[in-house]
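As the structure lists them, so they are numbered: ligands from 1, and atoms in each ligand from 1.
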Amino acid sequence: MKKIPVSILGATGSVGQKFIQLLSNHPYFVIESLVASERSAGKKFGDAVNWILPVPLPSEIASLVIKKTQETLSSKILFSGLDSSIAGEVEEFYANKGHIIISNSKNHRFDEFVPLLIPEVNHEHLELIRYQNYGGGAIITNPNCSTIGLAMSLKPIIDNFGLSDVNVVTMQALSGAGYPGVSSLDILDNVIPFISGEEEKLETEPKKIFGKYSEGKIEFSDLRISAQCNRVAVMDGHLETVQVKLKNNVCHGDIIEVWKNFSGLPQKLNLPSAPKQPIYYFTEDNFPQPRIHRNIENGMAVSIGRLRKCNIFDFKFSILSHNTVRGAAGGSILCAELLLEKEYMNAF
Ligand code: NAP
């Protein structure tokens with residue numbers, strides 16, 4: 001198969017760098033152009049970037065000259081890791097030029113015809129892009145990095161037992177704050193009990209993700225969610241403690257069973273970035289942990305543990321997912337793989 005050229009918007013950032021790592025040697029895609037701010041544009045990528053990943057920067061990428069936003073790009077697919085201060089208008093600009101944008105920013109997540117997509121959870125929402133009016137282009141969004149892990153853990157529960165209420169407390173990694181992110185003097189020996197805008201995202205995004213799709217419309221789920229978000233001194237991997245109230249009586253073993261057996265369309269289609277097993281359940285009392293479990297299935301799986309009875313809700317448990325892989329670049333690449341396999345590209 002001839003590889004499809006793609007470009008990365010916000011290529012120098014935390015998410016942009018992860019895109020570069022994951023797209024090197026990808027079986028479907030090859031990186032054509034890199035875009036970043038005026039600070040970086042015109043420079044060779046290797047000179048402009050502060051490469052923070054523990055793998056070498058590929059030489060063919062280091063020598064690419066960074067483009068400005070709104071410069072002409074020839075690849076149809078653009079992956080976006082742009083800062084949200086600029087992402088809204090830039091993504092719309094390129095969609096209007098006929099590009100398909102897969103975005104990690106919050107700006108378009110609640111637009112009426114924009115899917116908030118997790119391929120294992122709500123692939124049918126992709127149909128929404130047929131109703132977009134960008135003259136040949138489209139915008140698809142990846143949910144917030146904490147929402148993705150949470151929604152994957154809830155999907156089998158919702159499908160099998162029904163779910164009414166969720167309380168979630170997050171402990172979110174530093175790479176989630178972008179580069180250079182939180183100052184070391186703020187986070188070392190510390191936990192910060194606030195991440196701007198994050199609780200609102202966790203409380204609202206699952207309602208769209210679990211909404212029912214019919215003929216260009218999503219009827220939002222009535223799931224009730226309360227979220228509290230904390231920044232902790234971990235490099236990668238968001239840990240979340242979750243309490244759930246179910247609609248039906250079930251026992252502990254039933255929930256573990258549906259997690260272990262959970263599989264979706266990406267697994268059926270054998271997409272290159274799809275984890276073979278999307279959810280891993282651990283029986284050890286002290287699992288999951290960011291340092292130990294974030295890279296399972298190349299960072300694309302969600303790890304769960306500590307399922308037990310809750311005195312207030314029905315059950316409580318802990319989940320862990322990699323924020324820049326499953327929660328951003330890896331999740332977006334999986335969306336693009338699905339787009340190709342489902343032949344949506346031909347619709348544009
Ligand atoms: P980041 O490290 O701060 O990177 C931001 C990128 O945007 C950089 O490439 C930067 O380029 C570019 N940029 C900033 N201002 C710009 C401007 N005015 N014009 C053009 N480009 C501009 O942020 P990040 O963590 O990668 O996050 C990127 C987006 O993904 C954000 O919307 C974030 O909320 C979302 N997200 C992040 C994560 C995560 O785990 N980090 C997970 C899910 C979603 P320069 O280097 O040239 O300034």
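Of the protein's non-hydrogen atoms, the one nearest atom 6 (C) of ligand 1 is Gly81 O, 3.5 Å. Atom 29 (C) of ligand 1 has Leu82 O, 3.2 Å as its closest protein atom, hydrogens excluded (heavy atom only). For atom 8 (C) of ligand 1, the closest non-hydrogen atom of the protein is Thr12 OG1, 3.4 Å. With hydrogens left out, the protein atom closest to atom 40 (O) of ligand 1 is Asn323 ND2, 3.0 Å, a heavy atom. For atom 37 (C) of ligand 1, the nearest protein heavy atom (residue, atom name, distance) is Val15 CG2, 3.4 Å. Regarding atom 44 (C) of ligand 1, its nearest protein heavy-atom neighbour is Asn104 O, 3.3 Å. Atom 15 (N) of ligand 1 has Arg39 NH2, 3.6 Å as its closest protein atom, hydrogens excluded (heavy atom only). The single protein non-hydrogen atom nearest to atom 25 (O) of ligand 1 is Gly178 CA, 3.0 Å, given as residue, atom name and distance.
In this structure, the ring of Tyr280 has its center no less than 6.0 angstrom from the ring center of His293. For His99 and Tyr134, the gap between ring centers reaches or exceeds 6.0 Å. Taking the six-membered ring for Trp, Trp51 and Tyr179 have ring centres at least 6.0 Å apart.
Residue-ligand proximity: Ala87 is placed with every non-hydrogen atom at 4.0 Å or more from ligand 1.
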**Report entry** Evaluation steps, side chain to side chain donor-acceptor pair (under 3.5 Å), between Ser175 and Asp236
**Finding:** CA-CA 6 Å; Ser175 60; Asp236 293 313; 2.6 Å; yes
Report task. Evaluate the criterion side-chain contact (heavy atoms from CB on, under 4.5 Å) for residue pair Ile8 and Ile31; output intermediate values, then yes/no. Result -> CA-CA 8 Å; Ile8 302 170; Ile31 297 172; 3.9 Å; yes
Report task. Show the numbers, then the answer: is there a side-chain contact (heavy atoms from CB on, under 4.5 Å) between Leu9 and Thr69? Result -> CA-CA 8 Å; Leu9 310 177; Thr69 54; 6.0 Å; no
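Residue contacts with ligand 1, taken as heavy atom pairs separated by less than 4.0 Å, involve Thr69 solely via side-chain atoms from C-beta onward. Contacts between Ala11 and ligand 1, counted as non-hydrogen atom pairs separated by less than 4.0 Å, involve the backbone only. The part of Ser175 lying near ligand 1 is the backbone, judged by heavy-atom distances below 4.0 Å. Only the side chain of Ile86 comes within 4.0 Å of ligand 1, judged by heavy-atom distances.
For ligand 1, the atoms lying closer than 4.0 Å to a non-hydrogen atom of Ala328 are 42 (C), 43 (C). Distances below 4.0 Å separate heavy atoms of Gly327 from the following atoms of ligand 1: 42 (C), 43 (C). For ligand 1, the atoms closer than 4.0 angstrom to any heavy atom of Ser84 are 32 (O).
Taking 4.0 Å as the cut-off between side-chain N and carboxylate O, Asp165 and Arg224 count as a salt-bridged pair. Between Glu71 and Lys68, none of the side-chain N atoms (NZ, or NE/NH1/NH2) sits under 4.0 Å from a carboxylate O, so this pair counts as no salt bridge. Note on Glu205 versus Arg109: salt bridge recorded, some NZ/NE/NH1/NH2 to OD/OE distance being below 4.0 Å. With respect to Glu124 and Lys212, no salt bridge is recorded, no charged nitrogen being found less than 4.0 Å from a carboxylate O.
Polar contact check, Lys201 against ligand 1: no nitrogen or oxygen pair lies under 3.5 Å apart. Considering backbone and side-chain N/O of Tyr179, one or more are found under 3.5 Å from N/O of ligand 1. The distance criterion of under 3.5 Å between nitrogen or oxygen atoms is met by Gly10 with respect to ligand 1. For Cys145, no nitrogen or oxygen atom sits less than 3.5 Å from a nitrogen or oxygen atom of ligand 1, counting backbone and side chain alike.
A continuous path of Ile, Leu, Val, Met, Phe, Trp and Tyr side chains, each step under 4.5 Å between heavy atoms, connects Leu271 with Ile100, placing both in one hydrophobic cluster.
The closest non-hydrogen atom to atom 21 (N) of ligand 1, taken over Gly176, Ser37, Gly13, comes from Ser37. Selection from Asp83, Ile66, Leu9 by nearest heavy atom to atom 14 (C) of ligand 1 gives Asp83.
No donor-acceptor distance shorter than 3.5 angstrom exists from the side chain of Lys276 to the backbone of Glu297, with no hydrogens or angles considered.
Between Phe79 and Phe29, the ring planes lie perpendicular to each other; the angle is over 60°, past the 30° to 60° tilted range.
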